[in-house]
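One structure is given below, encoded as C-alpha cells.
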Amino acid sequence: MACVTCSTQAFRECHTPNIAQLSSPLCLSLTHCLPPSLQIGLMSVTVFPVRVLLTAFVMLLAWPFAFAASLGRSEGAVEPQSCWRRLVDVCLRVLMRSLWFCTGFHWVRVKGTPAPPSQVPILTMAPHSTYFDAIPVTMTMSSIVTKLESMSIPVWGTLISYIRPVLVFRTDQDSRRKTVEEIKRRAHSSGQWPQIMIFPEGTCTNRSGVIRFKPGAFIPGLPVQPVVLRYPNKLDTVTWTWQGPGAAKIFWLTLCQLHNSIEIEYLPVYTPSEEEKSDPALFANNVRQVMCFICSGNPATVLRVWSKVLCGCRLRAKTTDPELAQQASRARKLWEDRLGLDDFALHLGLPHSDTLSKIHKLFDKRGDGKIDVRQYVIALSAVCRLSRPMATLKLAFEVPVLSTVLEAMLGVSDQDFSELLKAAQPEPTGKITYGRGGRGV
C-alpha cells in the first residue's frame with residue numbers, strides 16, 4: 001500500500017507513541033504507550049464506572065430525539081426543516097457534546113473556519129485513527145459514508161440514521177458505483193444536503209503516515225475542505241488499528257485517563273484544477289500531499305506543494321536569477337510588512353485568480369489573511385533552484401528570512417530554528433551571518 005510517510009520529528013507535537021518503532025501505519029503496540037498500572041487500577045474502580053454510566057445515559061437520552069426527528073422524513077430528498085426539527089438538532093448537538101465530555105474529551109480545540117455546505121459539499125478527514133473521530137461528525141451533524149450493518153447497532157444506529165448517511169451495501173456487487181453516484185448527487189445539490197464527512201484513507205492507521213486516499217470523495221470534481229485530526233495526548237490510548245488492541249480495550253484505557261485532547265483543524269478550501277477534475281486519483285493525491293504537509297512539515301512534501309502551486313500560476317518558468325534578485329530586493333524593502341491578497345497581487349503585477357489565492361493561503365501561517373512576501377521569494381528560489389541550494393541559502397540571509405529555507409530543505413520549524421540559532425552561537429551576538437552559517441551547512 002502506497003503511503004506518504006510523515007517525519008517522526010514533525011509528528012512530535014501529536015505525541016504519538018514511539019512512531020519510529022512502529023513498523024506499519026496499520027499496526028499499534030501498546031507496549032510503547034501503556035499507562036501506569038496504578039493509575040489504570042484506581043481509575044478502573046472509581047472514574048471508569050461513572051463515565052460508562054453517564055455515557056450510556058446520554059446516549060439513551062439522545063435516542064428518542066433522533067428517532068422522532070427521523071420519522072416521516074424522505075430518504076431521497078431534503079425538505080426544509082421545521083421549527084421543532086431545528087430544536088431537536090440543537091438538542092442532539094448539545095447531548096452529543098455532553099457524551100464526549102463524559103468520556104474525558106473536556107475541551108475540543110478547533111482551528112480554522114468550516115466552509116458552508118453551499119460552498120463545499122465534501123469534507124475530507126485525515127488521518128483516520130479511531131472511532132473517536134466521530135467527534136467532529138457529531139459536532140456538525142454532517143453525513144458520513146458507512147456500511148448498512150451500522151444501522152442495526154442498538155441506539156447508535158438511530159443516531160447514525162439521523163445524520164442521513166450514504167449507505168454502502170456490501171452484499172451488492174454494484175454497491176461501489178451506487179455509492180459514488182449518491183455522493184455525486186448530494187455534492188451537486190448546491191448545499192441542500194448536509195455536508196459529507198469522508199475519511200478517504202478508508203481505514204484506521206496509527207497516524208505515523210497519511211496512506212493513499214481512495215478517489216470516491218474526489219470524483220464529483222468539486223471543491224473540498226481538508227480537515228486534520230490530532231490527539232495531542234501524552235499517552236496514546238485512542239488509536240484503533242486492525243493489528244493492535246481491540247475496541248473495548250481502547251474504550252477502557254481512554255476512559256481511564258483524567259483528560260483526553262483532540263484538535264480539529266479546518267484547512268483552506270481546495271479548489272481542483274481542470275486536470276484534477278478529470279483525474280480523481282490526481283485530485284486525491286494532491287489533497288493528500290497538502291494534508292501530509294500540514295500534519296508533518298515533511299521537507300520533500302513542502303517542496304512538492306510549493307512547486308505544484310507556483311507552477312500553476314506559471315511563476316516558476318519565468319523566474320531567472322536576475323528576476324529573483326529583483327524580487328528579493330523589493331521584498332527586503334518591505335521588510336516585515338505583511339501583505340493581504342490584494343496587495344500581494346499588486347506586488348506581483350498579476351490579476352486575481354484561484355491559484356494566486358492558493359499561493360497566498362499557503363504562506364498565511366498566522367491565519368490573519370496576510371503574508372510575509374519574503375517567505376514567498378525564498379520558496380520561489382527553493383523550487384526554481386533545486387540543484388543550487390546554497391544560492392537559496394545566501395538569498396535567505398540577504399532578505400533575510402532563514403527559517404523558511406530551513407523549513408523547506410530540512411523540515412526545521414520556527415521553534416527548532418531558534419534552538420538551532422542558539423546552538424550555532426558559542427557567544428550570543430543576536431545574529432548569524434552567511435559566511436558563518438554557510439560554512440555550517
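Note that this is a predicted model, so its numbers are computed, not measured.
For the residue pair Ile250 and Pro245, the shortest heavy atom distance occurs at CD1-CG, 3.7 Å. Between Thr55 and Cys102, the shortest heavy-atom contact is OG1-CB, 3.8 Å. Here the closest heavy-atom approach between residue Met125 and residue Pro136 is recorded as CE-CG, 3.6 Å. Contact between Glu263 and Pro232 at its shortest, heavy atoms only, is OE2-CG, 3.7 Å. Contact record, Thr140 with Met197: OG1-CE, 3.4 Å, taken as the closest heavy-atom pair. Nearest heavy atom pair, residue Leu99 against residue Met59, reads CD1-CG, 2.9 Å.
Side-chain contact between Met151 and Ser161: present, with at least one pair of heavy atoms (C-beta onward) separated by less than 4.5 Å. Within the 4.5 Å cutoff, side-chain heavy atoms of Asp342 are placed close to those of His352. Side-chain contact between Phe101 and Leu54 is absent, with no heavy-atom pair separated by less than 4.5 Å. Residues Gln257 and Ile40 have side chains in contact (heavy-atom distance under 4.5 Å, counting atoms from C-beta outward). For the pair Tyr231 and Asn260, the minimum side-chain heavy-atom distance is 4.5 Å or more. With contacts defined as side-chain heavy-atom distances shorter than 4.5 Å, the pair Val47/Leu255 does not qualify. For the pair Lys178 and Phe169, the minimum side-chain heavy-atom distance is 4.5 Å or more. Counting heavy atoms from C-beta outward, Val224 and Ile198 have side chains that stay 4.5 Å or more apart.
Not counting sequence neighbours, the partners of His106 by the side chain to side chain donor-acceptor pair (under 3.5 Å) test are His259. For Asp89, the salt bridge (Lys or Arg N to Asp or Glu O under 4.0 Å) test picks out Arg93, with sequence neighbours left out. Residues satisfying the side chain to side chain donor-acceptor pair (under 3.5 Å) criterion with Ser44, sequence neighbours excluded, are Trp252. Scored by the salt bridge (Lys or Arg N to Asp or Glu O under 4.0 Å) test, Arg176 finds no partners at all (sequence neighbours excluded). Every residue two or more places apart in sequence or in another chain that forms a side chain to side chain donor-acceptor pair (under 3.5 Å) with Ser129 is listed here: Arg207.
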Quiz item: Please walk me through it: do Ile183 and Ile219 pass side-chain contact (heavy atoms from CB on, under 4.5 Å)?
Solution: CA-CA 9 Å; Ile183 292 174; Ile219 290 176; over 6 Å; no
Exercise. Give the C-alpha distance, both sets of side-chain angles, the deciding distance and a yes or no for side-chain contact (heavy atoms from CB on, under 4.5 Å) between Arg338 and Asp343.
Key: CA-CA 9 Å; Arg338 295 167 57 77; Asp343 293 332; over 6 Å; no
Exercise. In sequence, state the C-alpha distance, the side-chain angles, and the governing distance for Arg185 and Glu181, and then conclude on salt bridge (charged side-chain N to carboxylate O under 4.0 Å, His left out).
Key: CA-CA 6 Å; Arg185 185 178 75 86; Glu181 289 299 321; over 6 Å; no
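With hydrogens and angles left out, the side-chain atoms of Trp100 and Thr138 include a donor and acceptor closer than 3.5 Å.
Using bins of under 30°, 30° to 60° and over 60° for the plane-to-plane angle, the ring pair Phe218/Phe283 lands in the perpendicular bin.
The ring-ring contact (aromatic ring centres under 6.0 Å, His included) analysis of residues 109-158, with sequence neighbours excluded, yields the pairs Phe105-Phe132, His128-Phe199, Tyr131-Trp240.
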